[in-house]
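In this chain, residues are counted from 1 in sequence order. Bear in mind that the values here come from a model prediction, so they are computed numbers and not experimental data.
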Amino acid sequence: MIFTSDNAAGVAPDILAALARANAGAAASYGADEITRRLQARFAEIFEREVLVHPVATGTAANALAIATLTPPYGAVFCHAEAHVNVDECGAPEMFSGGAKLIALHGAHGKIAADTLAAALANYRAGDVHQVQPACLTLTQSTEAGTVYTLDEIAALGAAAKARGLGFHMDGARFANALVSLGCTPAEMTWKAGVDVLSFGATKNGAMAAEAVVFFDPALAADFEFRRKRAGHLFSKMRFLSAQLDAYLDGGLWLKLARHANTMAARLASGLRGVEGAVISAPVEANEIFVRLPQATIKRLRAAGAAFHPWPGAGDGADGHTVRLVTSFATSEAEVDGFLAVARGG
């Protein structure tokens, strides 16, 4: 009953097998291998246009390098107050951009509203040397609250950003979970809604350690390769990152894995609604659940071996506390049902 994070899950068998195949024989280094070259065509196919794809090993690297590419040192990056880039990346976006300022915006359930962004932008005067200059919008899909931006919401944010000349970055650490939740195409959720650069996540959904920075406008990526090298993410044996992404996309594996994780989250959420004292605090739209549980229930679950993280939430107190539960491609129905049985007191 491990619900701490989808990072806790292992590697999908198909991806492990791909790594073993990539290990056979020698291959060109630093991304000149056949597998890495093949990624360009794979991503172009799923996004319905030519793209530039640069594998990296971590989501923090993908986010920080993508944002730095869109933002000068005197720039402002608009993000949700709870965004991973704002609270969980140890200043990496600021460092790799040379000092850009993150502007935290608030919104219910992890989402920024287009009106909120527009109001914030109105406070900044173009060309005023005393102010940072708006340069980038970054949003997380799915969000840190386990919710999913709709296509209309993404498009509205994109329009507000473009009206002020901002670049538009999407942190897609759980991109596949959001995609299957919406039932749309990758193109509809990104460049067709105005997204310029995507951090395409795979690690949380079955890879060992593989993310990709995807540029929908090659002109924006003019210096990215230098940034990636300087950051230590130009791997000499790049084929092993690329083999993970190649297998991840092959035959729709990434969607299958994400769909399973989302289904397990929905099963867990449905069962929690019948647990006495449980209050789910945000819509469950991907593979994360935030639920306030009575302290006695939490104690009983921990005693039974269930693992999860406490999470600050409204209404927390001596009688109950909010916890985060995350399902993954490896979560089983038995784990979910066992957790629910203990939560009910069985």
Side-chain angles (χ1 to χ4, degrees), residues 1-10 59-60 80-90 104 106-111 140-148 171 173-174 177-178 181 201 203-206 257-346:
M1 298 186 290
I2 306 301
F3 297 101
T4 51
S5 173
D6 34 13
N7 287 323
T60 294
H80 195 279
E82 298 168 12
H84 201 271
V85 296
N86 192 43
V87 299
D88 286 308
E89 294 187 351
C90 199
H106 294 273
H109 304 318
K111 290 186 181 183
T140 313
Q141 181 74 328
S142 56
T143 75
E144 284 77 10
T147 55
V148 174
D171 174 358
R174 295 184 175 93
N177 301 94
S181 177
T203 305
K204 293 180 186 297
N205 193 36
L257 298 176
R259 191 171 289 113
H260 176 81
N262 286 11
T263 299
M264 291 300 99
R267 185 185 185 96
L268 183 55
S270 178
L272 284 168
R273 292 186 181 97
V275 172
E276 184 176 357
V279 179
I280 295 176
S281 58
V284 179
E285 296 173 346
N287 67 317
E288 294 180 278
I289 302 167
F290 296 84
V291 57
R292 186 164 58 85
L293 294 172
Q295 293 289 7
T297 304
I298 293 173
K299 184 176 180 179
R300 189 165 61 248
L301 285 163
R302 292 203 184 282
F308 46 86
H309 289 309
W311 215 265
D316 288 350
D319 61 334
H321 199 281
T322 301
V323 301
R324 186 187 75 163
L325 307 171
V326 189
T327 56
S328 76
F329 77 94
T331 301
S332 68
E333 291 184 358
E335 282 183 279
V336 170
D337 295 346
F339 183 96
L340 292 172
V342 175
R344 295 186 190 108

Would you mind reporting whether [Y] and [X] have side-chain heavy atoms less than 4.5 Å apart?
X: Leu301; Y: Phe308; answer: yes
X: Arg174; Y: Asp6; answer: yes
X: His321; Y: Ile298; answer: yes
X: Leu268; Y: Phe3; answer: yes
X: Ile280; Y: Arg273; answer: yes
X: Thr327; Y: His260; answer: no
X: Val336; Y: Glu333; answer: no
X: Val326; Y: Thr4; answer: no

Without swapping roles, check the side chain of [X] against the backbone of [Y] for a donor-acceptor pair under 3.5 Å.
X: Thr331; Y: Ser328; result: yes
X: Ser281; Y: Phe290; result: yes
X: Ser270; Y: Ala266; result: no
X: Ser142; Y: Val148; result: no

Fill in: Glu276 atom CD, over 12 foreign heavy atoms within 6.0 Å
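Incorrect, the count does not exceed 12.
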Closest heavy-atom contact between [X] and [Y]?
X: Ala104; Y: Asn86; answer: CB-ND2, 3.8 Å
X: Ala330; Y: Glu335; answer: O-OE1, 3.8 Å
X: Thr140; Y: Ala83; answer: OG1-CB, 4.3 Å
X: Asn205; Y: Ala258; answer: OD1-N, 3.4 Å

If you round to the nearest 0.5 Å, how far is [atom2] of [Y] from [atom1] of [X]?
X: Glu285; Y: Asn177; atom1: CD; atom2: CG; answer: 12.5 Å
X: Met1; Y: Leu340; atom1: CE; atom2: CG; answer: 10.0 Å
X: Arg292; Y: Leu272; atom1: CZ; atom2: CG; answer: 13.5 Å
X: Asn262; Y: Glu288; atom1: CG; atom2: CD; answer: 10.5 Å
X: Ile289; Y: Arg324; atom1: CD1; atom2: CZ; answer: 11.5 Å
X: His109; Y: Glu82; atom1: NE2; atom2: CD; answer: 10.5 Å

Does a donor on one side chain and an acceptor on the other come within less than 3.5 Å for Glu144 and His84?
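Judged by distance alone, the side chains do not pair up.
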